[in-house]
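Keep in mind that what you see is a predicted model, and the values were worked out from it rather than measured.
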Amino acid sequence: VQLVESGGGLVQAGGSLSLSCAASGRTFSSYAAAWFRQAPGKEREFVAAISRSVGTTVYSDSVKGRFTISKNNAKTTVYLQMNSLKPEDTAVYYCAAGSYAVLAGTLYDYWGQGTQVTVSS
């Protein structure tokens, strides 16, 4: 499966952005999906995940209550709605697909190219 992210950009603190991850080859009915992020000089960090079947979601503590992960009905696209953005949310955001909605990035098999999110103070 190929994953393509879009929707990144520059936003002021307190603002919102919505990221999309489009799948081709196979849909997200076959995979769990997740969003990770990596800021300059930092390790890749888990953000959110959604399970393959019933759509169970899990979030990191740093984004819980501000970000929402979801899938469209056709399960071809996964979204990350980001509200109340903070400068510390600035990072390259990556979409990933794998068998289970887990926090460990090493357990995901497919990755997108990433999209930059910059939050100004």
Side-chain angles (χ1 to χ4, degrees):
V1 62
Q2 290 78 44
L3 305 175
V4 178
E5 302 100 333
S6 62
L10 173 64
V11 64
Q12 288 188 333
S16 299
L17 276 177
S18 180
L19 305 183
S20 299
C21 174
S24 61
R26 300 188 73 173
T27 71
F28 288 110
S29 60
S30 302
Y31 299 98
W35 288 94
F36 289 80
R37 66 187 182 187
Q38 188 166 21
K42 295 188 177 181
E43 294 187 351
R44 183 177 61 195
E45 174 189 22
F46 170 81
V47 175
I50 186 165
S51 66
R52 176 179 52 190
S53 54
V54 298
T56 302
T57 57
V58 59
Y59 298 92
S60 69
D61 288 343
S62 61
V63 307
K64 196 174 298 181
R66 300 188 297 123
F67 291 11
T68 303
I69 188 171
S70 62
K71 290 189 282 191
N72 65 346
N73 288 338
K75 296 183 173 56
T76 57
T77 305
V78 170
Y79 305 97
L80 185 69
Q81 177 65 41
M82 306 184 293
N83 299 327
S84 301
L85 282 161
K86 305 175 181 180
E88 52 263 43
D89 294 317
T90 295
V92 177
Y93 283 70
Y94 297 92
C95 176
S99 297
Y100 304 101
V102 295
L103 276 64
T106 54
L107 297 181
Y108 288 88
D109 301 311
Y110 305 98
W111 292 82
Q113 82 289 350
T115 185
Q116 175 71 46
V117 171
T118 303
V119 184
S120 63
S121 57

query = Which one of Val47, Thr115, Ile50 satisfies the side chain to side chain contact (heavy atoms under 4.5 Å, CB included) criterion with Leu80?
reply = Val47
inquiry  = Tell me whether the rings of Trp111 and Phe36 are parallel (<30°), tilted (30 to 60°) or perpendicular (>60°).
reply    = tilted
inquiry  = Using every non-hydrogen atom in the two residues, find where Ser121 and Ala13 come nearest and quote the distance to one decimal.
reply    = CA-CB, 4.3 Å
message = Once ring pair (Phe, Tyr, Trp, His ring centres under 6.0 Å) is applied, do any residues pair with Tyr59, and if so which ones, sequence neighbours excluded?
response = none
Side-chain ion pair, Lys86 and Asp89, N-O less than 4.0 Å = no
message = In this structure, would Tyr108 and Val1 fall into the same cluster of hydrophobic residues linked by side-chain contacts under 4.5 Å?
response = no
ask   = Passes side chain to side chain contact (heavy atoms under 4.5 Å, CB included), Ser60 versus Arg37? Steps please.
value = CA-CA 11 Å; Ser60 69; Arg37 66 187 182 187; 5.5 Å; no
key: For Ala91 against Ala39, the heavy-atom pair lying closest together   = CB-N, 3.8 Å
query = Sub-3.5 Å donor-acceptor pair from the side chain of Lys71 to the main-chain atoms of Ser29, do we have one?
reply = no
request  = Could you state whether Ile69 and Val58 fall into the same hydrophobic cluster, counting links through intermediate Ile, Leu, Val, Met, Phe, Trp or Tyr residues with side-chain heavy atoms under 4.5 angstrom apart?
outcome  = no
ask   = When you measure from the side chain of Arg66 to the backbone N and O of Ser84, does any donor-acceptor pair fall under 3.5 Å?
value = yes
Approximate separation, where rounding is to 0.5 Å, of Thr118 OG1 and Leu85 CG = 10.5 Å
message = Return the CD to CG distance between Gln113 and Leu3, rounded to the nearest 0.5 Å.
response = 9.0 Å
request  = Nearest 0.5 Å please: distance from the CG atom of Asn72 over to the OG1 atom of Thr77.
outcome  = 4.5 Å
message = Can you confirm whether Ser62 sits close enough to Glu88 that some side-chain heavy atom of one is under 4.5 Å from a side-chain heavy atom of the other?
response = no
Taking every non-hydrogen atom, the tightest pair across Cys95 and Phe28 = SG-CZ, 4.3 Å
message = Nearest 0.5 angstrom please: Leu19 CG to Phe67 CZ, how far?
response = 8.0 Å
message = Would the distance check show the side chain of Thr90 and the main-chain N or O of Val119 forming a donor-acceptor pair, the cut-off being under 3.5 Å?
response = yes
task = Could you state whether Val63 and Leu103 fall into the same hydrophobic cluster, counting links through intermediate Ile, Leu, Val, Met, Phe, Trp or Tyr residues with side-chain heavy atoms under 4.5 angstrom apart?
result = no
query = Going hydrophobic residue to hydrophobic residue with side-chain gaps under 4.5 angstrom, can you get from Tyr100 over to Phe46?
reply = yes
task = List the atom of Gln81, the atom of Ser18, and the distance in Å for their closest heavy-atom pair.
result = OE1-CB, 3.4 Å
ask   = Mind checking what makes ring pair (Phe, Tyr, Trp, His ring centres under 6.0 Å) contact with Tyr110, not counting sequence neighbours?
value = Tyr31
task = Answer whether the closest heavy-atom distance between the side chains of Glu5 and Tyr93 falls below 4.5 Å.
result = no
ask   = When hydrophobic residues are tied together by side-chain contacts of less than 4.5 Å, even through go-betweens, does Tyr94 share a cluster with Val117?
value = no
query = Looking only at heavy atoms, what is the nearest atom pair of Ala101 and Ala32, with distance?
reply = N-CB, 3.5 Å
